[in-house]
Amino acid sequence: EPQLVESGGGSVQPGGSLRLSCTASEYINTMAWFRQVSGKALEVIAALSGGGTPHYADSVQGRVSFSRDYDKNAAYLQMNSLKPDDTAMYYCAARRAGGSGWREAPTYPFWGQGTQVTVSS
């Protein structure tokens, strides 16, 4: 099955930026980013199916940009104007299907190990 590896997390001050990367071991139609604060549910950030346009959650609209490099089976999440509320573990997820349900974590069978993002002064 496909393997996903994230990188790019770290600590940043409020207002700063980070770029998260996710590399898949093979092409997968839909890739997405989720985040999770300890003790809370997974929250979708963005998703992108092959050949389509990115979908963004309302909570990050305007502050993040999701792109893919299909030659490298990679996905990137550029996050700007970071806030302390963005502090979470960020996960790359993927599924073979496209279409609806991109917000729903259970529809993604493949997950990376996560990368921590901490926004603090």
Student: What heavy-atom pair brings Arg35 and Ala88 nearest, and what distance separates the two atoms?
Tutor: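 Closest pair (atom of Arg35, atom of Ala88, distance): CB-CB, 3.9 Å.
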
Student: Charged N to carboxylate O under 4.0 angstrom, Arg96 versus Glu26?
Tutor: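 Looking at Arg96 and Glu26, the cut-off is met.
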
Student: From Arg68 CZ over to Ile28 CD1, what is the distance, rounded to the nearest 0.5 angstrom?
Tutor: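 Atom-to-atom, Arg68:CZ and Ile28:CD1 are 8.0 Å apart.
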
Student: I'd like to know if Val64 and Val12 are part of one continuous hydrophobic network [Ile/Leu/Val/Met/Phe/Trp/Tyr, side-chain heavy atoms within less than 4.5 Å].
Tutor: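 Yes: a chain of side-chain contacts under 4.5 Å links Val12 to Val64.
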
Student: Please check this pair: side chain of Asn29 against backbone of Gly50, looking for a donor-acceptor N/O pair closer than 3.5 Å.
Tutor: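 Yes; at least one donor-acceptor contact below 3.5 Å.
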
Student: Between Gln78 and Ser65, is there a donor-acceptor pair closer than 3.5 Å when you use the side chain of the first and the backbone of the second?
Tutor: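 Such a contact is absent between Gln78 side chain and Ser65 backbone.
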
Student: Same cluster or not: are Leu77 and Trp102 linked, directly or through other Ile, Leu, Val, Met, Phe, Trp or Tyr residues, by side-chain heavy atoms under 4.5 angstrom apart?
Tutor: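 Different hydrophobic clusters.
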
Student: Hey, what do you get for CE (Met89) to OG1 (Thr115), rounding to the nearest 0.5 Å?
Tutor: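 Spacing of CE (Met89) from OG1 (Thr115) equals 7.5 Å.
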
Student: Out of curiosity, does Val37 fall in the hydrophobic cluster containing Ile45 (side-chain heavy atoms, cut-off under 4.5 Å, transitive links)?
Tutor: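 In one cluster: no.
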
Student: Roughly how far apart are Trp33 CH2 and Leu20 CG, rounded to 0.5 Å?
Tutor: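 Nearest 0.5 Å value for the CH2-CG distance: 4.5 Å.
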
Student: Give me the atom names and distance for the closest heavy-atom approach of Ser121 to Pro14.
Tutor: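 Nearest heavy atoms, Ser121 then Pro14: N-CD, 3.7 Å.
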
Student: Are Trp111 and Val44 joined in one hydrophobic group, where the rule is that I, L, V, M, F, W and Y side chains link up if heavy atoms are under 4.5 Å apart?
Tutor: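 Linked, Trp111 and Val44 end up in one cluster.
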
Student: Judged by atom type as modelled, is there a donor-acceptor pair below 3.5 Å linking the side chain of Gln3 to the main-chain atoms of Glu1?
Tutor: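 Checked: pair present.
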
Student: Has the side chain of Tyr56 got a donor or acceptor atom that lies under 3.5 Å from a matching backbone atom of Phe66?
Tutor: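 Checking the backbone N and O of Phe66 against the side chain of Tyr56, a donor-acceptor pair under 3.5 Å is found.
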
Student: Tell me the closest heavy-atom pair linking Pro109 and Ala94, and the distance in Å.
Tutor: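 Minimum heavy-atom separation between Pro109 and Ala94: CD-O, 3.3 Å.
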
Student: Return the OG to CG distance between Ser59 and Asp86, rounded to the nearest 0.5 Å.
Tutor: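 Rounded to the nearest 0.5 Å, the OG-CG separation comes out at 8.0 Å.
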
Student: Counting N and O atoms only, with roles assigned by atom type, does the side chain of Thr87 sit under 3.5 Å from a partner on the main chain of Val119, one being a donor and the other an acceptor?
Tutor: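 Present.
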
Student: With sequence neighbours left out, what residues match Tyr108 under ring-ring contact (aromatic ring centres under 6.0 Å, His included)?
Tutor: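 Applying ring-ring contact (aromatic ring centres under 6.0 Å, His included) to Tyr108 gives Phe34.
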
Student: Spell out, as yes or no, whether a donor-acceptor pair under 3.5 Å connects the side chain of Glu6 to the backbone of Cys22.
Tutor: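 No; judged by distance alone, with no hydrogens or angles, the pair does not exist.
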
Student: Donor-acceptor pair, distance only, cut-off 3.5 Å: does the side chain of Arg95 make one with the backbone of Ala97?
Tutor: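 Between the backbone of Ala97 and the side chain of Arg95 there is a qualifying donor-acceptor contact (under 3.5 Å).
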
Student: I need the minimum non-hydrogen distance between Met31 and Ala24, along with the two atoms involved.
Tutor: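 Closest heavy-atom pair between Met31 and Ala24: CE-CB, 4.2 Å.
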
Student: Quick check for you: to the nearest 0.5 Å, what is the distance between Leu42 atom CG and Tyr90 atom OH?
Tutor: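 Nearest 0.5 Å value for the CG-OH distance: 12.0 Å.
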
Student: Answer yes if Tyr70 and Val5 sit in the same cluster of Ile, Leu, Val, Met, Phe, Trp and Tyr residues linked by side chain heavy atoms under 4.5 Å apart, and no otherwise.
Tutor: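 No, no single cluster joins them.
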
Student: Testing the basics here: between Ser17 and Asn80, what is the closest heavy-atom pair and its distance to 0.1 Å?
Tutor: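 Heavy atoms of Ser17 and Asn80 come nearest at OG-OD1, 3.0 Å.
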
Student: Quick one: pull up CG in Leu4 and OG1 in Thr23 and give me the separation to the nearest 0.5 Å.
Tutor: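 Nearest 0.5 Å value for the CG-OG1 distance: 9.0 Å.
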
